[in-house]
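First up is the structure itself, then whatever we jot down about it.
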2 protein chains.
Amino acid sequence: MSTRSVTTAIHVLEAVAELQPVGLSELSRAVEVPKATVQRVLVTLEELQWIERAERDGGKWSIAVHAYAVTSRGSSGSRIRDVAIGPLSALQLETGETIHLAVPDELRMVVIERLDTPHVLRAFLALGSRIPMHASATGLTFLAHSSEEFVRAYLQHPLAASTPDTMVHPQEVQAELKAIRSRGYSINPGGLSSGITAIGAALISRELGPVGSISVSGPSSRITPDKFQEYGTAVAATARQISMALPG
Amino acid sequence: MSTRSVTTAIHVLEAVAELQPVGLSELSRAVEVPKATVQRVLVTLEELQWIERAERDGGKWSIAVHAYAVTSRGSSGSRIRDVAIGPLSALQLETGETIHLAVPDELRMVVIERLDTPHVLRAFLALGSRIPMHASATGLTFLAHSSEEFVRAYLQHPLAASTPDTMVHPQEVQAELKAIRSRGYSINPGGLSSGITAIGAALISRELGPVGSISVSGPSSRITPDKFQEYGTAVAATARQISMALPG
DNA sequence: AACAATCGGTTCATCTAGTGAACCAACGGA
DNA sequence: TCCGTTGGTTCACTAGATGAACCGATTGTT
């Protein structure tokens, strides 16, 4: 009951994704598997079009588009996306700012949808970005509605600072989570990108608990403290609306 | 020299992506591998968080977000995305319409980035959408700048119609490709979705040839023939700009 | 109510095929 | 020249993948 080769293959694949472009020896060390084994896996994955080697650059490996194409269609996130897109669109029109939809993956939030603003100055996260929970409005609300154990486990890990304004002390984060719970939405001024403020609210499935979050982001010069409450209640209302439409 | 189990595992994964939500027996049939083997692979992939089973619904399988998160970071597409995002943002502001960035995968174009418009009426392709080349503005420009062999090989396959307006005759497509080459950009009125017109231009790496395309899309009621040239030159200029900034 | 055809899941004898230590040749500093 | 890399290959050993056949539970049909 192990399916070892498959497990190592996936580990190699994840290592390639993380370290790309990367060579054989480095991968072998990263995955802690002999070179010969890694080599065979690489060749196999190449045949399957999941990875490709750079023409130059000593033939280092990278993830191929095909892998992305396979995994991006559907995904559990898409159910959420489908029910969220309508309300998010309305929220975008109402606020005029960038809207993000993110779901948790391990210790990060992954941005699975974005609606843009017409403003020249705009907040920007590439789709598929993986951002730290404690440094983002989406992550913070998600944490605020997660179980105590999860939060404790999360705060065990070192909290990297994305900007000088990122909260890096566990107590500080805990206090903020409490504030978020009573307030109903999160506010993150410059914690992820300097000069960008975001306001977020969690999507909560009745059965599964928190499954993701949404946020409104824009330059701190536009999203000023006097707008926090207006945007906050709008985001929270939209989140509630989506939550109720959630499958399950 | 085969790494069979890895190959079947990936095949199972791709089948899950295509058929999700899907059950054991159906997968077994799709991949043409005994149930027992598929079962073991599924359990392994679940342990690795690449797939998950629906709580209800008889435990059917779907791709998990984690898989998406792994493959979306980086990927050959992302290099393109990184250099493209700035110019695309400018193009979006200039035109006010939805911008798509797509790269080829097998016989399709895969949408890897999108900048949308604040308009209520908006063109919309989900990220990761796989669209036929002959039915899309992005695909057509890509074809127009591909090798003759590639085009011939592509046109060998039956050309499915996405809408009544899709070009389905090889000669028709060939003629259009010629027009695109002399014009510098592609125009696709309603070929992919009825009522949506798109204008595209290819991203061409000096060393690798065409590596992807960009397009401006919107309702045909807004993107009228009198705007074709304006948008066309804008798209083509942006594509050239990105092409020059391309790595390699 | 009995039937047949699904479903998801498990068992186990067979032997394929994955493993990994040890080995290249080639490159690049020092 | 030497040392530490790199990517890549060989091969004896046996761990571990395979797949036909099985089970109990649903489901829809007669």
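Residue numbers start from 1 in every chain, and the chains themselves are labelled A, B, ... in the order their sequence lines are given, proteins ahead of strands.
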Nearest-Å distance, [atom1] ([X]) to [atom2] ([N])?
X	N	atom1	atom2	value
R29(B)	dG19(D)	CZ	C1'	17 Å
Q39(B)	dG19(D)	CD	C1'	14 Å
H11(B)	dA17(D)	NE2	C1'	17 Å
K35(B)	dC12(C)	NZ	P	17 Å
R40(A)	dA17(D)	CZ	P	12 Å
R53(A)	dT6(D)	CZ	P	16 Å
L42(A)	dT6(D)	CG	P	14 Å
L27(B)	dG19(D)	CG	C1'	17 Å

*asked:* Has R81(B) got a side-chain atom pairing as donor or acceptor with I112(B)'s backbone, closer than 3.5 angstrom?
replied: yes
*asked:* Keeping R40(A) on the side-chain end and T3(B) on the backbone end, is there a donor-acceptor pair under 3.5 Å?
replied: no
*Nucleotide nearest R4(A) when distance is taken to its side chain, options dG7(D), dT19(C), dT10(C)*: dT19(C)
_From C-beta outward on T37(A), which listed nucleotide comes closest to its side chain: dG18(C), dG8(D), dG20(C)?_
dG20(C)
_Residue whose closest nucleotide on DNA chain C lies nearer the 5' end, A36(B) versus G23(B)_ = G23(B)
_Any heavy-atom pair between the side chains of L203(B) and F142(B) that's under 4.5 Å?_
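Sidechains of L203(B) and F142(B): no contact.
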*Please tell me if the side chains of T141(A) and I214(A) come closer than 4.5 Å, counting only heavy atoms from C-beta onward.*
no
*asked:* Using OP1 and OP2 only, check whether a side-chain N or O of S25(A) sits under 4.0 Å from dG7(D).
replied: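 Yes, within the criterion.
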*Closer to the 5' end of DNA chain D via nearest nucleotide, is it V6(A) or E26(A)?*
E26(A)
